[in-house]
Amino acid sequence: MPISPLFLKPFDPAEHEEPLYAKWEAAGLFHPETLIEKGLLREDAPPYTIVLPPPNVTGTLHVGHAAMLAIEDVLVRFARMRGYRTLWVPGTDSAAIATQSKVEKQLLKEEGVTRHDLGREAFLERVNAFAKASEQTILNQLRRMGASLDWQRYAYTLDDQRYKAVITAFVRMYEAGLIYRGIRIVNWDSKGQTVVSDDEVEYTEENTTLYTFRYWKDFPIPIATVRPETKVGDVAVAVHPDDSRYQAYIGKVFSGTFAGTELTIRIVADEAVNPEFGTGAVGVTPAHSQTDWEIAQRHNLPVVQVIDERGKMTQTAGPLVAGKTVRQAREAIVQWLREEGLLLEEKPIVHRIGRADRTGGIIEPLPKEQWFVSVTQPFILERSEILGIPAKELVTLKDIMRLAVEKGGVRILPDRFTKVYFHWIDNLRDWCISRQIWFGHRIPVWYCVAASNPQCKQPIVRATPPARCPHCDGKVVQDPDTLDTWFSSALWTFSTLGWPDAWDDAQHKAKLDTDLAIYHPTTVLETGYDILFFWVARMILMSGFHLGQVPFYNVYLHGLVRDEKGRKMSKSLGNIIDPLDLIAKYGADAVRLSLVVGIAPGNDIKLSEQRVKGYKHFANKVWNIARFVLERTDPFPKDQPLTEEDQALARERDEMLASVTEDLEAFRLHLASEKLYHYTWHRLADEIIEESKPILAGEDASRAASRARLLYETLHTLVRALHPFAPFVTEAIWQEGNLGGEEHPWLMTAPWPAREA
RNA sequence: GCGCGCGUAGCUCAGUUGGUAGAGCAUCCGGUUUACACCCGGAAGGUCCUUGGUUCGAGCCCAAGCGCGCGCACCA
């Protein structure tokens with residue numbers, strides 16, 4: 001058979017990649033059940049599952065996604081070739097706050113209206129339309145990377161099935177006493193006009209002034225603050241219990257006028273005060289500081305709110321500042337302190353201020369009534385498959401999160417993140433899950449409007465809307481808030497596999513033969529180390545509570561992709577590399593290799609165009625090796641015995657493959673790929689093939705035939721081993737060279753070349 | 001303050017359990033018209049941050065220090 005004419009030029013990714021992907025998809029090769037039907041996979045094959053960390057539905061593919069896809073696709077293709085029942089579940093995330101603010105910005109710019117002008121219903125229609133319109137973009141970009149995702153199982157965090165999972169989860173946790181409503185100091189995003197969780201606050205250092213002053217002339221203790229404007233809300237001064245300077249004042253109460261408002265200040269002793277800082281005395285503002293709120297709780301102090309949700313001073317703040325913005329109020333109060341001679345010192349200080357990671361809005365701590373998940377409330381886990389966590393005993397969500405990792409149920413890679421994880425768990429507070437935005441899963445809670453008898457004051461928490469109040473038959477209204485987007489993301493491993501429908505409540509286990517029974521717990525969660533807390537920990541929490549399982553056995557954390565100088569990619573630096581541009585220039589295989597070869601788990605990736613270009617050359621090298629070998633070995637002498645030197649070469653190759661296989665099993669993708677790269681180029685091409693030229697053309701026919709057989713078999717092997725890393729060029733060679741024959745028309749589902757370890 | 005990581009060739013980084021220091025890019029010299037210029041051969045380039053320890057043997061293990069980065073907490 002003559003060699004395919006396609007081989008007679010350099011490998012052109014543009015010519016092969018998209019058509020090949022379309023063929024794989026059309027043949028159903030991403031869908032494990034189709035492989036079973038076609039006899040390409042045994043029905044009793046052990047499962048191997050990864051759920052894709054869902055990209056933002058309105059976003060576009062960035063290099064971080066590209067790295068994630070490359071790594072996961074290597075794992076999935078490796079597992080598939082080894083005969084696992086391999087499932088990779090695709091999905092997208094509504095990314096509540098990010099998407100909503102994007103649409104709000106657009107509305108304001110193009111139509112000059114706010115979401116309140118449109119109203120909730122109309123606004124949501126607009127957001128959903130926007131999400132729908134963007135969806136195909138990101139999905140096609142996932143395809144361009146070559147990701148072998150099972151599209152028949154595509155999930156979206158806001159679709160009906162996921163909605164059902166979210167509400168069911170909420171109701172069950174409420175009934176178990178793990179979800180409660182309470183007034184706390186929360187992180188108020190003044191720009192996004194919503195609460196955000198502790199993990200969604202990012203701190204930046206800024207230069208500011210530390211003011212030392214007295215409330216009024218005969219007030220005995222000077223205090224220091226960076227936020228004079230909040231001081232109109234002070235109710236106490238706290239000192240350390242052992243501080244000798246202030247012993248005489250502890251327990252005393254002082255009254256006076258501060259900045260035009262009457263204050264009653266009690267002196268309290270509290271361990272939280274650092275006697276070294278400032279004057280060693282803290283003005284306690286319970287409504288606008290987490291620490292002060294806690295002090296106020298311990299000493300039974302009142303709460304006076306002086307800043308409102310829009311960042312303006314309230315009427316309670318007094319005539320001097322009421323109605324002013326925080327900034328104006330600060331100036332006014334400092335001015336007043338100066339005029340009154342109360343200002344003792346102004347000192348420059350570096351202070352960290354919090355901003356919301358999604359909107360950039362300054363975080364204002366405010367007391368608000370919100371919904372929380374308690375991480376310390378004990379409950380009984382009816383059934384447990386989690387290592388080290390017994391069923392029918394009292395546990396807390398914190399216990400589950402800690403023990404799942406500590407006892408080995410979940411393994412985190414690289415190992416060093418385990419400590420970071422424990423540290424986070426140990427400092428964890430209750431999780432605030434309500435958000436004052438509209439785009440997202442609305443909280444399944446209703447309130448009786450009339451509230452005519454005491455029972456009616458109880459919130460009605462249920463999966464289906466109640467028509468009337470069950471106590472007085474009055475009208476009900478739904479809680480206006482939506483859930484933190486991470487609440488639904490935390491259910492992702494099992495909400496994508498059919499929970500709660502696939503769940504048998506009586507048996508506390510998945511119904512037989514459902515996706516949930518077959519594919520959960522998943523095998524690997526692969527994601528960036530930056531969302532270890534947001535997501536990984538909370539998935540363990542949710543899966544532990546609802547299923548009594550870990551959500552995954554392994555966590556593979558990849559690093560941040562940075563530019564060639566090691567800087568974060570950002571719009572403001574203008575150093576963003578668009579993976580689709582790279583794919584267009586160098587091909588998806590090259591992009592994938594550049595994000596995998598030699599990059600250890602958890603390490604940041606410095607990506608340069610040079611690097612990608614190098615791997616394009618590699619893909620072409622593989623292509624040319626195939627041409628050389630196929631040209632000279634067709635038909636290859638299958639039964640020719642190998643000479644001793646060729647047996648040695650075959651052994652060397654197989655040892656290399658055995659070690660590559662071991663590396664892949666241990667998630668050492670960086671080493672596996674490096675070994676393959678090195679063997680292919682610098683051993684096979686540079687040495688073995690070069691030495692083979694005279695042998696193949698030589699007089700010794702049996703030696704030539706032996707070498708031809710060796711080369712053919714080596715190509716056959718190598719193309720399979722390289723497939724997970726560079727799926728396109730290898731599949732193209734497989735097809736054009738007809739390497740699989742009748743039995744394995746697709747390289748994608750051909751067997752892995754090394755024996756089971 | 002608590003914790004984590006990094007420091008290896010000019011640059012970017014590998015180095016799996018301790019066993020003769022590696023790759024890509026860049027530099028220099030040479031080659032090559034049929035697998036491939038998206039190439040090949042060769043050269044140069046290293047106190048593996050420092051000091052001390054364990055060991056027959058340390059880039060790797062231990063201790064201390066220096067420099068850089070990150071996470072968490074505090075930040076009144």
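The chains referred to below are lettered A, B, ... by the order of the sequence lines, with proteins before strands, and numbering in each begins at 1. For the numbers below, each heavy atom of this structure counts, side chains included, while hydrogens, waters and symmetry mates do not.
- Figure legend. B:rC2 is base-paired to B:rG71; pairs are counted as Watson-Crick or G-U wobble with both atom distances under 3.5 Å.
- Each of B:rC25, B:rC75, B:rA35 was ranked by its minimum atom distance to the side chain of A:Q610; first place goes to B:rC25.
- Considering A:Y529, A:W431, A:W486 as possible partners of A:F534, the one that fulfils the ring pair (Phe, Tyr, Trp, His ring centres under 6.0 Å) test is A:W486.
- Nearest to the side chain of A:E631, among B:rG15, B:rA35, B:rG5, sits B:rA35.
- With A:R627 contributing its side chain and A:K9 its backbone, the two residues share a donor-acceptor pair below 3.5 Å.
- Going from the C1' atom of B:rC75 to that of B:rG18 covers 45 Å, rounded to whole Å.
- For the pair A:K693 NZ and B:rU34 P, the interatomic distance rounds to 9 Å; values are reported in whole Å.
- In this structure, the side chain of A:N427 engages the main chain of A:H423 through a donor-acceptor pair within 3.5 Å.
- Put simply, A:K616 has no side-chain N or O that comes within less than 4.0 Å of OP1 or OP2 on B:rG24.
- For A:N603, a side-chain nitrogen or oxygen approaches OP1 or OP2 of B:rA14 to under 4.0 Å.
- Using a 4.5 Å heavy-atom cutoff, the side chains of A:V334 and A:F213 are not in contact.
- The C1' atoms of B:rC6 and B:rG59 are separated by 14 Å, rounded to the nearest whole Å.
- Among the protein residues, A:R611 comes within range of no part of the nucleic acid, since none of its heavy atoms lies under 4.0 Å from any strand.
- Out of B:rG15, B:rC39, B:rA35, the shortest distance to the side chain of A:R632 is found at B:rA35.
- Of the side-chain N and O atoms in A:W681, none sit less than 4.0 angstrom from OP1 or OP2 of B:rA23.
- Between the P atom of B:rU16 and the CD atom of A:E655 lies a distance of 20 Å, rounded to the nearest Å.
- Residue-level contact check: A:R668 touches the bases, meaning some heavy atom is under 4.0 Å from a base atom.
- Side chain of A:F628, nearest nucleotide from B:rG24, B:rA35, B:rC25: B:rA35.
- In this structure, A:R416 places its CZ atom 12 Å from P of B:rC4, rounding to the nearest Å.
- B:rU20 and B:rA26 have their C1' atoms separated by 27 Å, with the value rounded to a whole Å.
- The residue among A:N427 and A:F11 whose nearest nucleotide of RNA chain B is located toward the 5' end is A:F11.
- At the heavy-atom level, A:K419 lies under 4.0 Å from the strands shown only through sugar-phosphate atoms.
- Comparing the P positions of B:rA63 and B:rU54 gives an interatomic distance of 15 Å, to the nearest angstrom.
- Within residues 225-240 of chain A, the residues approaching RNA chain B are A:T225, A:V226, A:K231, by heavy-atom distance under 4.0 Å.
- Annotation: A:Y586 is not in aromatic contact with A:Y615 [ring centroid separation under 6.0 Å not met].
- Backbone-only engagement by A:G283 is indicated by non-hydrogen atom pairs under 4.0 Å involving sugar-phosphate atoms exclusively.
- Judged by Watson-Crick or G-U wobble contacts below 3.5 Å, the nucleotide B:rU16 has no partner.
- Contacts with RNA chain B (heavy atom under 4.0 Å) in residues 682-689 of chain A: A:H682, A:A685, A:D686, A:I689, listed by number.
- Listed nucleotides: B:rG24, B:rA35, B:rC39. Nearest to the side chain of A:H617: B:rC39.
- Heavy atoms of A:S289 sit nowhere under 4.0 angstrom from any nucleic acid atom.
- Note on A:S608: every side-chain N or O is 4.0 Å or more away from OP1 and OP2 of B:rC25.
- Taking the P atom of each, B:rC11 and B:rG46 are spaced 12 Å apart, rounded to whole Å.
- Across all strands shown, A:G278 has no heavy atoms under 4.0 Å from either base or sugar-phosphate atoms.
- A:Q305 meets the side chain to side chain contact (heavy atoms under 4.5 Å, CB included) test with A:A287, A:H288, A:E309, A:L366, A:P367; sequence neighbours excluded.
- Using atom C1' as the reference point in both B:rA9 and B:rA44, the two lie 10 Å apart (nearest Å).
- Straight-line distance from the CZ atom of A:R429 to the P atom of B:rC74: 7 Å, rounded to whole Å.
- The interatomic distance linking A:I605 (CD1) with B:rG5 (P) rounds to 19 Å, in whole Å.
- A residue-by-residue look at A:I625 and A:G598 shows that A:G598 has its nearest nucleotide of RNA chain B further toward the 5' end.
- The shortest side-chain heavy-atom distance between A:C432 and A:R184 does not fall under the 4.5 Å cut-off.
- Between A:S692 and the options A:R632, A:E687, A:R707, a side-chain hydrogen bond (donor to acceptor under 3.5 Å, both in side chains) holds for only A:R707.
- Rounded to whole Å, the separation between the C1' atoms of B:rU17 and B:rU34 comes to 48 Å.
- A:R627 has its CZ atom 13 Å from the C1' atom of B:rC39, to the nearest Å.
- The gap from the C1' atom of B:rC60 to that of B:rU55 amounts to 13 Å, rounded to the nearest Å.
- Side-chain atoms of A:T661 and A:W752 include a donor-acceptor pair closer than 3.5 Å.
- A ring pair (Phe, Tyr, Trp, His ring centres under 6.0 Å) with A:F258 is found for one member of A:F219, A:Y215, A:W216 and no other, namely A:Y215.
- When the nucleotides B:rC38, B:rC75, B:rC40 are ranked by their closest atom to the side chain of A:H351, B:rC75 comes out on top.
- Between A:K9 atom NZ and B:rC38 atom C1' the separation is 15 Å, expressed in whole Å.
- Straight-line distance from the CG atom of A:D292 to the C1' atom of B:rC75: 12 Å, rounded to whole Å.
- With a cut-off of 3.5 Å on both pairing distances, B:rU33 has no Watson-Crick or G-U wobble partner at all.
- In terms of phosphate contacts, A:H423 brings no side-chain nitrogen or oxygen within less than 4.0 Å of OP1 or OP2 of B:rA73.
- Looking at every heavy atom in both residues, A:V375 comes nearest to A:D430 through N-OD1, 3.1 Å.
- Look at B:rU27: its Watson-Crick or wobble partner, with both distances under 3.5 angstrom, is B:rA43.
- For B:rU54, there is no paired nucleotide, since no Watson-Crick or G-U wobble pair has both relevant distances below 3.5 Å.
- A:R592 forms no cation-pi arrangement with A:F725, by the criterion of a distance under 6.0 Å to the ring centre and an angle within 45° of the ring axis.
- Defined by atom type and a distance below 3.5 Å, a donor-acceptor pair is missing between the side-chain atoms of A:S594 and A:R611.
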